[in-house]
There are 2 protein chains.
Amino acid sequence: MGNSRVTLKDLAKELNLSPSTISRAISGHPAISDATRKLVQQKADELGFTPNSIASSFRKKKTQSIGIIVPKIDIHFHSLVISGIEEYAYSKGYNVTIFQSKDSFEREKEITRILQNRMVEGIIICLSNETKSYAHFKKFTKLGVPVIFYDRVPTNFNANKIVINDYESAFKATEHLIQQGCSRIAHIAGNQSTHIFKDRLEGYKTALKKHKLPIDPSLILETKNLTYEEGAECAKKMLALPESPDGLFCSNDYTAISAIQVFQKAHIKVPEQIAVVGFSNYPISRVIEPNLTTINDRAFQMGQAAASLLIRQIDDTDSFVEFETITLKTDLVVRASSMRKASDTKL
Amino acid sequence: MGNSRVTLKDLAKELNLSPSTISRAISGHPAISDATRKLVQQKADELGFTPNSIASSFRKKKTQSIGIIVPKIDIHFHSLVISGIEEYAYSKGYNVTIFQSKDSFEREKEITRILQNRMVEGIIICLSNETKSYAHFKKFTKLGVPVIFYDRVPTNFNANKIVINDYESAFKATEHLIQQGCSRIAHIAGNQSTHIFKDRLEGYKTALKKHKLPIDPSLILETKNLTYEEGAECAKKMLALPESPDGLFCSNDYTAISAIQVFQKAHIKVPEQIAVVGFSNYPISRVIEPNLTTINDRAFQMGQAAASLLIRQIDDTDSFVEFETITLKTDLVVRASSMRKASDTKL
DNA sequence: CTGAAAGCGCTTACAG
DNA sequence: CTGAAAGCGCTTACAG
């Protein structure tokens, strides 16, 4: 099979023009006459010429590609973020190469090496949960390759970050429960070695304090990974307490949903006896009965924001800004699982 | 910032060796002495040399990268497939660049142009639902770039395909309902212009025929996109029939779940009064009450199989095989939503 | 075991 | 408006 591509030179020979002219005509250089441009275009179509962008990348030292590292692609949050990144990047002519760290620090390091060799122009990453040291990102700063962190971002390390306000969101969620008349509010917390879950716990506590409610340690249940199974365990522990809670704020939707199911099996009514709020607005939250009140964490927008910031930094090579942190708005999506006061839809 | 990379030449100059030798030492060529190899390795680490794989790709005409086109990344099925692809590709040293067609034929064509220019060595794609013509893939055959289709694959077009046996899976699901004692089994079908949904309808019909059950057109409800909302509509239509069905096989899990919820609101017991089976084994199927019986379509394995076939074809440049179709096994995952005979767990 | 040389397919500063 | 020339950073067939 004649699988040798047509090159600029081939076109040049055919048209008795120089490769320089062909190159300029194809890339729309202003100094080329309309007549020539048309001629070249026509011949290119005829011969099926299509520019070799590897050669062009190599020559220009611009690959027009960005790298993404996520722990796992099939976690809905990450796939939404990637979707946002791809959408924005595509509109700007950038390609997106993805890698899964599988929550392995070693693999994450190895991937950064690959990305460096591949000469990506920028990187967007959600850190693996094993990552405690950030030395493997230093090389990119030196090479002028911007790196944007999202969701699980480094602490004590100056960097570009896209985050949501976890503290504020948790505060809103908890205050909503208080306004619905709850006074014994429990919390299913994520791993406290992770920054964002710590913030959510803090927001919960602050809301209680503001409304002069006691902080009862027996109502705060920390999990390792906020799994469906852990949620059920926590819910059972709550029911075993001398006095059950009348409200529950969970650090994600999975634990909220499994808790609701445990309550329902124990013939405890949601929201009448326990009002429940989750976190993340997973698709399942509008499917479960009762529909789950939750925090919309805007994963798609997070991806767009990350890509937009990244490409801005790629283009502004000599700006004075070193790092930027962007905090996105979140929304409390009020649904049936927390609605004890029918009249009080809008608080 | 001194953001100029260290090159082979720099290393060569430092060590008074030729670039050829450095290149060979770095890439592990056997003809290089151990002493030299160590020397080069050491200096490379010292100067922070890391090979420019764009230059290497350009020179070798091997990019070690493959392109994926999916309608949307944040559809769980696709993110699972991508995860399988990435995992396999990574283990073989290939990179994965992703694009979303957004179910637009025009965008899909544009993406194939980009992939051609980027010189990917192979492509894995789930067609957009607008795609009826496959001419935009012919160029890859000519260039010797293998293309693997999965899920939504071309019909009347010779190609590499990874599929599941939709007909057989639907047959299994329907027969399971029959064996659970259902005799009036309804079907919520997907768009009949799509091959896979047609096959599922056929499998359903064949199971009924085999067991001498009548095929009742009023029990077959076609939807456009198998959405949650369409599922609810269909369920309501079923309840409005003179005689309700006692079994329901749905072409995906969303419609199955929304149908269950409609039934439950109408105080119809699942599975006692209507047994329900879905398709795809979405995570939500083991969360909904009762847990949903469904077909495990092995999305992750589909991704791995696609990547494995692709890379095999990239490597075997002069094999006599032109196209390959791989059909993956599916599983009926029996859960509570269809279990009318407690004793009859294994059929 | 090591080196000199050519070249992959573009782009661009320089010249006219 | 067009062309000649150099070069991006590698790899590899050829030679010794």
Side-chain angles (χ1 to χ4, degrees), chain A residues 3-41 43-44 47-65 93 114 116-121 143-144, chain B residues 3-41 43-44 47-65 93 114 116-121 143-144:
Chain A
N3 58 4
S4 59
R5 301 168 60 116
V6 180
T7 69
L8 273 188
K9 257 192 194 161
D10 299 333
L11 263 187
K13 218 168 272 170
E14 282 280 329
L15 291 168
N16 275 322
L17 285 167
S18 74
S20 324
T21 302
I22 307 292
S23 172
R24 293 193 186 102
I26 294 286
S27 64
H29 190 108
I32 299 293
S33 76
D34 269 9
T36 308
R37 191 193 320 285
K38 257 173 214 152
L39 207 69
V40 172
Q41 200 53 260
K43 204 70 179 175
L47 301 186
F49 168 78
T50 135
N52 178 335
S53 39
I54 298 298
S56 164
S57 288
F58 170 54
R59 172 59 228 254
K60 294 200 282 186
K61 301 190 178 191
K62 284 238 152 220
T63 55
Q64 293 280 111
S65 75
I114 297 173
Q116 183 187 6
N117 294 350
R118 294 256 163 183
M119 307 230 297
V120 295
E121 297 191 48
L143 291 164
Chain B
N3 58 3
S4 59
R5 301 168 59 117
V6 180
T7 70
L8 274 187
K9 257 194 198 160
D10 298 333
L11 263 186
K13 217 169 275 172
E14 283 279 328
L15 291 167
N16 274 320
L17 285 166
S18 74
S20 323
T21 303
I22 306 292
S23 172
R24 295 194 184 100
I26 293 286
S27 64
H29 189 107
I32 298 294
S33 75
D34 268 9
T36 308
R37 193 194 318 286
K38 258 173 214 153
L39 207 70
V40 172
Q41 199 54 258
K43 204 68 176 177
L47 300 187
F49 168 78
T50 135
N52 178 334
S53 39
I54 298 299
S56 164
S57 289
F58 169 55
R59 174 57 228 255
K60 295 201 283 185
K61 301 190 178 190
K62 283 239 153 220
T63 55
Q64 294 278 114
S65 74
I114 296 173
Q116 183 186 6
N117 294 349
R118 294 256 162 183
M119 305 231 296
V120 293
E121 297 190 48
L143 291 164

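Below, chains carry the letters A, B, ... as their sequence lines are ordered, and counting in each starts from 1. Hydrogens, waters and symmetry mates are skipped; everything else that's a heavy atom, side chains included, is used.
A side-chain N or O of A:Thr21 and one of A:Ser18 form a donor-acceptor pair less than 3.5 Å apart. Side-chain N/O atoms of A:Thr36 and A:Ser33 include a donor and acceptor closer than 3.5 Å.
Taking atom CG of B:Asn52 as the reference point, atom C1' of D:dG9 lies 6 Å away to the nearest angstrom. Rounded to whole Å, atom P of C:dC10 lies 7 Å from atom CZ of A:Arg5. Rounding to whole angstrom units, CG of residue B:Leu11 and C1' of D:dC10 are separated by 13 Å. Protein atom NZ of B:Lys60 is 16 Å distant from nucleotide atom C1' of C:dG7, rounded to whole Å. Atom-to-atom, NZ of B:Lys9 to P of C:dG3 comes out at 16 Å; the value is rounded to the nearest Å. For the pair B:Ile26 CD1 and C:dT2 C1', the computed distance is 16 Å after rounding to whole Å. Counting to the nearest Å, the P atom of C:dC14 and the CZ atom of A:Arg24 are 13 Å from each other. With rounding to whole Å, B:Met119 atom CE is found 8 Å from C:dG9 atom P.
Using a 4.0 Å heavy-atom distance criterion, B:Thr36 is classed as a sugar-phosphate-only contact. Among the atoms of the strands shown, only primed sugar atoms or phosphate atoms (P, OP1, OP2) are found under 4.0 Å from some heavy atom of A:Leu17. Base contact: B:Ser23 has a heavy atom under 4.0 Å from a base atom.
Contact between the side-chain N/O atoms of B:Thr7 and the OP1/OP2 oxygens of D:dG9 is not found at any separation under 4.0 Å. Phosphate contact (OP1/OP2 of C:dG3, side-chain N/O of B:Thr21, threshold under 4.0 Å): present. The side chain of A:Ser33 places an N or O atom within less than 4.0 Å of a non-bridging phosphate oxygen (OP1 or OP2) of D:dT2. One finds a side-chain N or O of B:Lys61 lying less than 4.0 angstrom from the OP1 or OP2 phosphate oxygen of C:dG9.
D:dT12 sits 16 Å from D:dG16 when the C1' atoms are compared, rounded to a whole Å.
Within the 3.5 Å criterion, the main-chain N or O of A:Thr7 finds a donor-acceptor partner in the side chain of A:Asp10. Proximity of a side-chain donor or acceptor of A:Gln64 to a complementary backbone N or O of A:Gly93 within less than 3.5 Å is detected.
Under the rule for a side-chain contact (heavy atoms from CB on, under 4.5 Å), B:Ser27 has no partner lying at least two apart in sequence or in another chain.
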Check against side-chain contact (heavy atoms from CB on, under 4.5 Å), B:Leu15 and B:Ile22: CA-CA 9 Å; B:Leu15 291 167; B:Ile22 306 292; 4.1 Å; yes

CA sep, side-chain torsions, deciding dist, call: B:Thr63, B:Arg118, side-chain contact (heavy atoms from CB on, under 4.5 Å): CA-CA 8 Å; B:Thr63 55; B:Arg118 294 256 162 183; over 6 Å; no

Verdict with supporting geometry, B:Arg24 and B:Arg37, side-chain contact (heavy atoms from CB on, under 4.5 Å): CA-CA 9 Å; B:Arg24 295 194 184 100; B:Arg37 193 194 318 286; over 6 Å; no

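Comparing A:Ala31 and A:Pro19 by the nucleotide of DNA chain D whose heavy atom lies nearest to each, the residue mapping closer to the 5' end is A:Ala31. When each of A:Asp34 and A:Ala55 is assigned the nucleotide of DNA chain D with its nearest heavy atom, A:Asp34 is the one assigned upstream, toward the 5' end. Remark on DNA chain C: of its neighbouring residues A:Ser27 and B:Ile32, the 5'-side contact belongs to B:Ile32, judged by nearest-heavy-atom nucleotide.
Once the 5.5 Å centre distance and the 30° plane angle are applied, the aromatic ring of B:Phe58 is found not to be stacked with the base of D:dC10.
Closest to the B:Ser20 side chain, of the nucleotides C:dG9, C:dG3, C:dT2, is C:dG3. Comparing D:dT2, C:dT2, D:dC10 by their nearest atom to the side chain of B:Phe49 picks out D:dC10.
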Base-pairing string, 5' to 3', of DNA chain D - Watson-Crick or wobble, under 3.5 Å, | interstrand: |||.||||||||.|||

